[in-house]
Amino acid sequence: MLQINNLHATVADKPILKGLSLSINAGEIHAIMGPNGAGKSTLGYVLSGRPGYEVTGGSVTFSPLPLAGGAGGGPETGTSLSGPPLTPPAGGRGMDLLELDPHERAAAGLFLGFQYPVEIPGVSNVQFLREALNAQRKARGEAPLSGGDFLKLARAQADAMGMDMEMLKRPVNVGFSGGEKKRNEMVQMGILDPKLAVLDETDSGLDIDALRVVGEGINRIMRRPDKAVLLITHYQRLLDYVQPDFVHVLADGRITRSGGPELALELEREGYRELAA
Amino acid sequence: MTIALPTRHDEEWHYAPVEVLAGLKALPEAQHILVAAGETHPVYKCVSTGSASKVDIQRYQIDIAADARCEAFFLLTGGGYKRLDIDVTLAEGAHFELGAVGIGRAEEVTEIVTRLRHVAPGATSNQVMRGVAMDTATITMIGRIDVARQAQQTDAALGVKGLLLDRTATINARPELEIYADDVKCAHGCAIGQLDEMALFYAQQRGLPMATARNLLMQAFVAEAYGAIGDAKWREHMTGYAEAALRGTF
Ligand SMILES: Nc1ncnc2c1ncn2[C@@H]1O[C@H](COP(=O)(O)OP(=O)(O)OP(=O)(O)O)[C@@H](O)[C@H]1O
Ligand SMILES: [Mg+2]
């Protein structure tokens with residue numbers, strides 16, 4: 001689903017990613033751990049196309065599987081009209097992710113859970129997400145969701161994440177606590193129903209109960225044969241709920257070690273310094 | 001009443017284009033509004049001059065009697081030179097609410113100038129001004145508040161914000177306070193900036209194309225001026241007009 005090959009990227013002319021390679025298949029959950037400042041968030045931003053994050057080398061190929069009737073996305077997913085421009089040809093080589101604008105990457109199925117979710121004063125969550133979802137559907141050649149159908153979908157996802165519907169009517173993330181913002185990211189993920197989710201420290205700032213709810217939410221929305229997750233985290237706790245298939249260490253801009261779930265436990269015991277030695 | 005013609009030496013006319021001032025033969029009569037004691041008077045008005053050469057100066061003189069309210073909401077857009085000039089005198093316990101939006105593109109010049117005279121105790125005012133300037137447009141927002149010695153317990157709020165969408169555009173924003181009473185609250189804020197890049201990226205990451213994301217943020221910005229409209233239908237009208245003006249389809 002995602003092929004990252006020898007990726008180099010700079011921020012403000014400073015090299016941050018220095019030859020990062022990673023391959024993620026549909027149906028897999030990968031965890032990335034690594035010291036502060038290693039470039040984990042940078043990877044998420046580069047993948048999603050944030051301005052100012054300049055790719056200076058390497059390639060990223062994104063090949064989401066064709067629609068298989070996903071979890072959310074409305075009562076009728078897959079009602080494709082005329083040739084969806086952003087769905088890769090079945091069995092094709094996928095798309096050059098770095099060529100796409102950020103909103104095209106989103107429509108193609110990429111979701112970034114932000115380490116620091118952004119506040120948007122004056123725009124309600126409901127309006128924001130409905131416009132976002134319908135923009136994605138339009139880009140995929142799908143019919144827009146009606147107001148009623150959207151509210152139904154939003155309510156279901158908010159309920160599942162234990163978020164009050166009243167909060168969805170408030171401006172995006174404005175005045176939300178740190179944990180509420182992270183929960184809201186997951187509600188958004190449930191509504192947008194992506195193929196590949198890069199979740200940047202979604203577990204940071206969550207209380208013990210919220211951590212469980214979010215963990216279960218990730219499994220419910222994303223653990224499917226046609227989807228994949230890249231989980232950026234500092235702690236083993238989230239991985240108790242969302243069992244990764246692979247764990248990687250990102251240090252100084254590249255993947256320095258990969259292994260199974262046991263690697264996370266080892267890291268927790270030994271720290272990064274021991275491991276590097 | 002005859003009024004001397006303004007010059008650029010007058011603070012309230014300082015940013016007006018020279019050619020507009022030179023071409024002025026007389027100031028248009030001010031429209032007088034008297035709000036009787038205890039009453040509430042709403043004003044909703046869109047000022048849109050059609051042609052680029054047109055000069056449109058709208059002057060209001062508003063007297064708000066004791067415990068009365070005036071709630072005034074304006075949109076200025078399009079055309080050449082537009083000026084909204086409001087002079088308000090507040091009696092005891094009166095309230096003045098203003099929401100004014102100026103949207104300028106091309107070479108348009110838009111001016112929103114208010115002068116509030118708190119002359120009696122316990123009067124309150126709340127003014128929200130929002131300016132969005134594109135291309136080489138100029139927007140000027142001046143809010144002057146005079147609080148007389150006897151006007152204790154005045155509570156006057158003035159929030160002025162400008163959004164510069166192009167480097168070539170200009171926004172002048174200035175609060176002017178003259179306060180002679182000691183027991184007053186005068187909260188004033190003045191900010192000029194650009195669209196929040198992180199919010200733009202966040203919206204794009206969720207699927208909104210750049211132009212849609214920008215529009216969404218601009219709409220939210222101007223809507224702040226109309227948040228105090230109590231009548232939901234008018235609030236929708238005014239925000240709808242402002243959105244059309246932002247799109248350039250007013
Ligand atoms: N605008 C910028 N200018 C210069 N350096 C930057 C800029 N943005 C990020 N960096 C640097 O890039 C490096 C990688 O940052 P990044 O946020 O990707 O780290 P991270 O692995 O996510 O860390 P954390 O675990 O603390 O979230 C850091 O050294 C950071 O200071
Ligand atoms: Mg980070």
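Excluded from the calculations below are hydrogen atoms, water molecules and symmetry mates; all remaining heavy atoms, backbone and side chain alike, are included. Note on naming: letters A, B, ... go to the chains in the order of the sequence lines (proteins, then strands), and numbering restarts at 1 for each one.
- Under the 3.5 Å distance criterion, the side-chain polar atoms of Arg105(A) are left unmatched by any main-chain donor or acceptor of Gly207(B).
- Checked by atom type and distance alone, the side chain of Gln205(B) never pairs as donor or acceptor with a backbone atom of Pro102(A) at under 3.5 Å.
- With a 4.5 angstrom heavy-atom cutoff, Ala199(B) touches chain A via backbone and side-chain atoms both.
- Heavy atoms of other residues, nucleotides or ligands lying less than 6.0 angstrom from CG of Asp183(B) number more than 12.
- From Thr212(B), atom OG1 reaches atom NZ of Lys138(A) across 7.5 Å, with rounding to the nearest 0.5 Å.
- Between Ala220(B) and Val123(A), the shortest heavy-atom contact is CB-CG2, 3.6 Å.
- Between atom CD of residue Gln127(A) and atom CG of residue Leu216(B) there is a gap of 5.0 Å, rounded to the nearest 0.5 Å.
- Neither the backbone nor the side chain of Asn134(A) comes within contact range of chain B, judged by heavy atoms closer than 4.5 Å.
- When side chains are defined from C-beta on, Asp101(A) does not count as touching Gln204(B), because their heavy atoms never get closer than 4.5 Å.
- Looking at heavy atoms from C-beta onward, Phe128(A) lies in side-chain contact with Tyr202(B) at the 4.5 angstrom threshold.
- Your options are Gly52(A), Pro171(A), Ala106(A), Pro194(A), and the one with the most heavy-atom pairs under 4.5 Å with chain B is Ala106(A).
- Across all their heavy atoms, Gly49(A) and Phe201(B) have their closest contact at C-CE1, 3.8 Å.
- Only the side chain of Ile120(A) comes within less than 4.5 Å of a heavy atom of chain B; its backbone N, CA, C and O stay farther away.
- Contact of the Met198(B) side chain with the Tyr116(A) side chain is not registered, since no non-hydrogen atoms from C-beta on lie closer than 4.5 Å.
- For the pair Arg206(B) and Leu112(A), the tightest heavy-atom approach, listed with the atom from each and the gap, is NH1-O, 2.8 Å.
- Interface residue Ala203(B): backbone and side-chain heavy atoms are both found under 4.5 Å from chain A.
- The shortest non-hydrogen separation linking Pro209(B) to Ala135(A) is CD-CB, 4.1 Å.
- Residue Leu217(B) touches chain A through its side chain alone, counting heavy-atom pairs closer than 4.5 Å.
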